[in-house]
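Along the sequence shown, residues carry numbers from 1. Not measured: the values here are computed from a predicted model.
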Amino acid sequence: MTTSTTTSTDRSPVLVIGYGNDLRSDDGAGRWVADRIEERELPGVDVRSIMQLTPEVSMDIVDRRLVVFVDASVDTHELRIDDVEAKPD
């Protein structure tokens with residue numbers, strides 16, 4: 001499980017962030033998925049498994065081509081993928 005940040009010069013183009021609370025059954029699903037992806041040691045992919053999203057995470061997102069957020073919700077029984085486009089200020 002990786003939680004440290006990297007400098008922009010050694011960043012992979014893709015970042016997967018799995019987040020959630022491991023103590024809350026399905027809420028830990030995002031971290032579980034991130035851990036499985038990290039086990040694959042995919043080239044060009046950095047993985048973070050964290051308890052919650054905080055402002056500090058934004059520093060790890062900078063200069064990435066693609067960022068994938070993985071989370072779970074008890075409010076739905078469907079798999080949903082939302083495409084979000086970043087907009088500069």
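- Between the CG atom of D82 and the CG atom of D71 there is a distance of 11.0 Å, given to the nearest 0.5 Å.
- In this structure, CD1 on I50 lies 8.5 Å from OH on Y19, to the nearest 0.5 angstrom.
- Between the CZ atom of R36 and the CZ atom of R31 there is a distance of 11.0 Å, given to the nearest 0.5 Å.
- Within 6.0 Å of the CD atom in E39, the count of heavy atoms belonging to other residues, nucleotides or ligands exceeds 12.
- Between A34 and R48 the shortest heavy-atom distance is CB-O, 3.8 Å.
- Using a 4.5 Å heavy-atom threshold, the side chains of D35 and S49 count as touching.
- Residue E38 holds its CD atom at 9.0 Å from CG of D46, rounded to the nearest 0.5 Å.
- Under the side chain to side chain contact (heavy atoms under 4.5 Å, CB included) criterion, V67 pairs with L15, I17, I61, R64, F69, not counting sequence neighbours.
- Scored by the side chain to side chain contact (heavy atoms under 4.5 Å, CB included) test, R65 finds P13, V14 as partners (sequence neighbours excluded).
- No chain of hydrophobic side-chain contacts below 4.5 Å, direct or via other Ile, Leu, Val, Met, Phe, Trp or Tyr residues, connects M51 to W32.
- Between V70 and V68, the closest side-chain pair of non-hydrogen atoms falls below 4.5 Å.
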